[in-house]
Amino acid sequence: MRADVWLWAVRLFKSRSASAALLRAGRVRVNDVVAKPATSVAVGDTITWRDPLRDRKVVVLELLPKRVGAPLAVKAYRDESPPVPTREERAAVGLRDRGAGRPTKRERREIDRLRGTRRD
């Protein structure tokens with residue numbers, strides 16, 4: 001089954017074109033390999049991508065040929081994503097003043113360290 005269709009069918013994306021756009025941009029991985037919209041997805045595959053708030057990781061439990069209701073869609077995958085950060089946790093990450101320009105390399109490292117995304 002196509003990756004873009006499956007992501008749309010289990011209601012992880014609002015539209016198939018939205019899932020295909022993220023796949024075309026190279027931001028979705030299937031089993032740690034960058035995927036295209038037509039990449040085949042099978043039961044047991046792990047799909048990962050970056051959401052606006054967190055990294056998403058789902059394991060395929062069932063293939064759905066068409067979009068189904070939310071109660072059935074939830075049974076088709078196992079969500080192994082970390083919980084959504086609270087509003088306070090999101091505010092704890094430093095914000096730059098408007099018009100301050102791009103961060104320097106040092107500031108970028110500090111921002112990554114605060115967010116916990118630095119991979120040293």
One pair to check against side-chain contact (heavy atoms from CB on, under 4.5 Å): Leu7 and Trp49. What are the steps and the verdict?
CA-CA 11 Å; Leu7 287 167; Trp49 72 95; 4.1 Å; yes
Which pair of heavy atoms, one from Arg67 and one from Arg11, lies closest together, and at what distance?
NH2-NH1, 3.4 Å
Where is the tightest heavy-atom contact between Glu107 and Thr104, given as atom of each residue plus distance?
OE1-N, 2.9 Å
Evaluate Ile47 against Val41 for side-chain contact (heavy atoms from CB on, under 4.5 Å), listing each step before the verdict.
CA-CA 9 Å; Ile47 302 175; Val41 175; 4.1 Å; yes
I need the Arg29 CZ to Thr39 OG1 distance, nearest 0.5 Å.
12.0 Å
Would you name the heavy atoms of Ala20 and Pro37 that are closest together and state the gap between them?
O-CG, 3.7 Å
With side-chain contact (heavy atoms from CB on, under 4.5 Å) as the test, would you mind laying out the steps for Arg16 and Val5 before giving the verdict?
CA-CA 6 Å; Arg16 182 175 169 194; Val5 174; 3.4 Å; yes
Start with the C-alpha distance between Arg56 and Ser81, add both sets of side-chain angles, then the distance that settles side-chain hydrogen bond (donor to acceptor under 3.5 Å, both in side chains), and finish with yes or no.
CA-CA 5 Å; Arg56 296 293 307 263; Ser81 307; 3.2 Å; yes
Could you walk me through whether Leu12 and Tyr77 satisfy the side-chain contact (heavy atoms from CB on, under 4.5 Å) test, starting with their C-alpha distance in whole Å, then the side-chain angles of each, then the deciding distance to 0.1 Å, before giving a yes or no?
CA-CA 10 Å; Leu12 292 170; Tyr77 64 91; 3.6 Å; yes
Arg78/Glu80 salt bridge by N-O under 4.0 Å criterion:
yes
Polar side-chain atom of Asp45 near backbone of Val30 as donor-acceptor pair, under 3.5 Å:
no
Indicate yes or no: does Asp79 engage Lys57 in a salt bridge with an N to O separation below 4.0 Å.
no
Can you see which heavy atom on Trp6 is nearest to which on Leu64, and at what distance?
CD1-N, 4.0 Å
Is there a path from Val68 to Leu61 through hydrophobic residues (I, L, V, M, F, W, Y) whose side chains come within less than 4.5 Å of each other?
no
CZ of Arg108 to NZ of Lys105, rounded to nearest 0.5 Å, is 12.5 Å
Heavy atoms from other residues, nucleotides or ligands near CZ of Arg27 exceed 12 (cutoff 6.0 Å)
no
Closest non-hydrogen atom pair, Ala73 against Val10:
CB-O, 3.5 Å
Determine whether more than 12 heavy atoms belonging to other residues, nucleotides or ligands lie under 6.0 Å from atom CG of Asp51.
yes
Using the rule that Ile, Leu, Val, Met, Phe, Trp and Tyr join whenever any side-chain heavy atoms are under 4.5 Å apart, tell me whether Val84 and Val74 fall into a single cluster.
no
Where is the tightest heavy-atom contact between Ser19 and Asp4, given as atom of each residue plus distance?
OG-O, 3.0 Å
Cluster overlap Trp8 with Leu63, hydrophobic side-chain contacts below 4.5 Å:
no
How far does CZ of Arg50 sit from CG of Asp55, to the nearest 0.5 angstrom?
4.5 Å
